[in-house]
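Source: prediction; values computed, not measured.
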Amino acid sequence: MESGFKPEEPTIWIVEGLFYYLTEAQARGLMARIHELSATGSCIGCDLLNWAACNGDDEWAKFWEFGCDVPEEFFGGYGWDAIVIQPGDGETGRGRDNYPLPPPEEVDKENVFWVTALKASKR
């Protein structure tokens with residue numbers, strides 16, 4: 001049996017804590033490469049910050065380069081269907097995430113998104 005990455009088989013990508021440290025060009029390049037390497041049915045899990053968080057007052061914000069206000073559109077542009085939730089939505093944090101976040105449509109306020117996306121096409 002051969003081992004190693006098999007691009008013809010669905011893959012699970014975990015991109016936690018990375019996108020916001022990349023420039024927009026690098027983030028888009030990474031997503032394009034992931035798309036290129038992924039078979040239909042592949043899945044990606046990641047966290048994203050919106051642009052307000054990247055430009056916010058948090059001491060870490062000076063390191064953040066890429067923000068995404070509408071993750072569904074970002075992933076949809078590559079042919080991926082995204083489900084987006086926020087920390088604390090429903091039972092996601094099992095009671096541990098109690099920091100109140102604004103609704104996603106309030107793009108002028110700092111926000112965090114947890115994304116699960118499925119590659120729906122070869123686009």
State which residue, out of D58, L22, N55, fulfils the side-chain contact (heavy atoms from CB on, under 4.5 Å) condition with W64.
D58
Answer with yes or no whether the hydrophobic clustering places V70 together with F19; edges join I, L, V, M, F, W, Y residues whose side-chain heavy atoms lie under 4.5 Å apart.
no
Which pair of heavy atoms, one from A39 and one from P10, lies closest together, and at what distance?
CB-N, 3.9 Å
So which atom in A61 and which in G56 form the shortest heavy-atom distance, rounded to 0.1 Å?
CB-O, 3.5 Å
Reference residue F75; test side-chain contact (heavy atoms from CB on, under 4.5 Å); the match among M31, K119, H35
M31
Taken to the nearest 0.5 Å, the spacing of C68 SG from D47 CG works out to 12.0 Å
Does atom CD (E73) have a neighbourhood of more than 12 heavy atoms from anything else shown, all under 6.0 Å?
no
Counting only heavy atoms not in I83, do more than 12 fall under 6.0 Å of its CD1?
no
Distance from E9 atom CD to S38 atom OG, nearest 0.5 Å?
12.5 Å
Supply the atom-to-atom distance W114 CH2 to E16 CD, rounded to the nearest 0.5 angstrom.
9.0 Å
Can you give me the closest heavy-atom contact between A52 and E110, atom names plus distance?
O-CG, 3.7 Å
Taking all heavy atoms of P71 and all of L48, pick out the closest pair and write down the distance.
CB-CD1, 3.8 Å
Show the numbers, then the answer: is there a side-chain contact (heavy atoms from CB on, under 4.5 Å) between W13 and C46?
CA-CA 8 Å; W13 300 90; C46 70; over 6 Å; no
Would Y21 and Q26 count as a side-chain contact (heavy atoms from CB on, under 4.5 Å) here? Give the steps.
CA-CA 9 Å; Y21 289 102; Q26 290 169 330; over 6 Å; no
Give me the atom names and distance for the closest heavy-atom approach of D81 to A120.
OD2-CB, 3.2 Å
Are V107 and V84 connected in the hydrophobic side-chain network, where two residues link if heavy atoms are under 4.5 Å apart?
no
Please round to the nearest 0.5 Å and tell me the distance separating atom CH2 of W51 and atom CD of E24.
5.0 Å
Any link between Y78 and I14 through a network of hydrophobic side chains (Ile, Leu, Val, Met, Phe, Trp, Tyr) touching at under 4.5 Å?
no
Checking F66, W60, Y20 against L49 for side-chain contact (heavy atoms from CB on, under 4.5 Å), the one that qualifies is Y20
Heavy atoms only: give me the nearest A53-N50 pair and the separation to one decimal.
N-OD1, 3.0 Å
Atom CD1 in I44, atom CD1 in I12: separation rounded to 0.5 Å?
11.5 Å
Just wondering, more than 12 heavy atoms not from D108 lying within 6.0 Å of its CG?
yes
